[in-house]
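Counting convention: from 1, in listed order, for ligands and their atoms alike. Since the model is a prediction, treat every value here as computed from it, not as a measurement.
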Amino acid sequence: MAWYNILMKSYIVGNWKMNFAVGESSVYLHKLTERIRASRDLEIVVAPSAIALQPLSLQIDRKKLRLAAQTANPHDFGAYTGEVSFAQLRGLVDYCIIGHSERRQLFHESDKQVRLAVAAALRNNITPILCIGETSTERTFGETSDVVRDQLLGGLSEVSAEDINKVIIAYEPIWAISSTTDAHIATPDEVAEIVTFIRRTLTDTYSSSIAEAIPILYGGSVKPTNAGAYLTVPGVNGLLIGGASLIADQFIDIIDTAKKVIS
Ligand code: 13P
């Protein structure tokens, strides 16, 4: 394990996507809170649907868990029907997932929207979790590093020098998300290669001290059975989990694995 894996805080982030009614979210959060022990070295974050954020922000025990939004609009206020802004989320959440591949692909979120969202999150005291990752076609055509570099530097392009170390990066290869077969799961070596590339790109663009201080998470079909392998990839500081975060036993199992890896 590289030294920065050890010194840096680790993150386990559960992206609930569009699952759970508000009441179910509350019951699930209660269950997690009962079973999780606070740890200074491990930040556990859950990202419920927007509608559940306000009630859960009143319920959450921030010593054990933190809340993330799954997306938000970069404008602070205005005529944007159906949207929720970072300014409205200020104080409710500590994190926001930005540029998730489902937002980019299904809702046509542009690179411009992603970079404005990263800046808006920081402006509103919310830590952006900037998601980047290639499709299977891009990987097949050898375009992974170009895509990852463009999404990374594009997403960070509005961030000032003093804010750059407030950002978290999540590498989520799109072909490895919600996979049902092992053929579509990234190997730890594949993750290591791209995470090294991300840090090298951050070093070349900013500095090695900045590159080493930015947490990089991995996401894509993380399960209790493979979490340990991803968490021990040099340069990986945590996990962004979809499906397995919806099942308390699996999510807690992954948290326990993370605690073992960092201790
Ligand atoms: P899965 O863990 O279900 O593959 O989802 C990953 C993801 O998209 C997390 O943001």
On the six-membered ring of Phe107, is Arg103 placed so that its NZ or CZ lies under 6.0 angstrom from the centre and within 45° of the ring axis? yes
At the 4.0 Å heavy-atom cut-off, does [X] count as touching ligand 1?
| X | value |
| --- | --- |
| Lys223 | no |
| Ser221 | yes |
| Gly219 | no |

Hey, are Tyr218 and Glu172 close enough side-chain-wise for a donor-acceptor pair under 3.5 Å? no
For residues Ser26 and Gln59, is any side-chain donor paired with an opposing acceptor at under 3.5 Å? yes
Please report the shortest heavy-atom distance between Arg35 and Asp249, naming the atom on each side. NH1-OD1, 2.9 Å
Using 30° and 60° as the class boundaries, would you call the ring planes of Trp16 and Tyr28 parallel, tilted or perpendicular? tilted
So is [X] polar-close to ligand 1, meaning N/O to N/O under 3.5 Å?
| X | value |
| --- | --- |
| Gly243 | yes |
| Ser179 | no |
| Ile177 | no |

What protein heavy atom sits nearest atom 9 (C) of ligand 1, and how far away is it? Glu172 OE2, 2.9 Å
Report the nearest protein non-hydrogen atom to atom 2 (O) of ligand 1: residue, atom name, distance rounded to 0.1 Å. Gly242 N, 2.9 Å
After noting the C-alpha distance and the side-chain angles of Thr135 and Glu138, does the key distance pass the side-chain hydrogen bond (donor to acceptor under 3.5 Å, both in side chains) rule? CA-CA 5 Å; Thr135 63; Glu138 287 161 347; 3.3 Å; yes
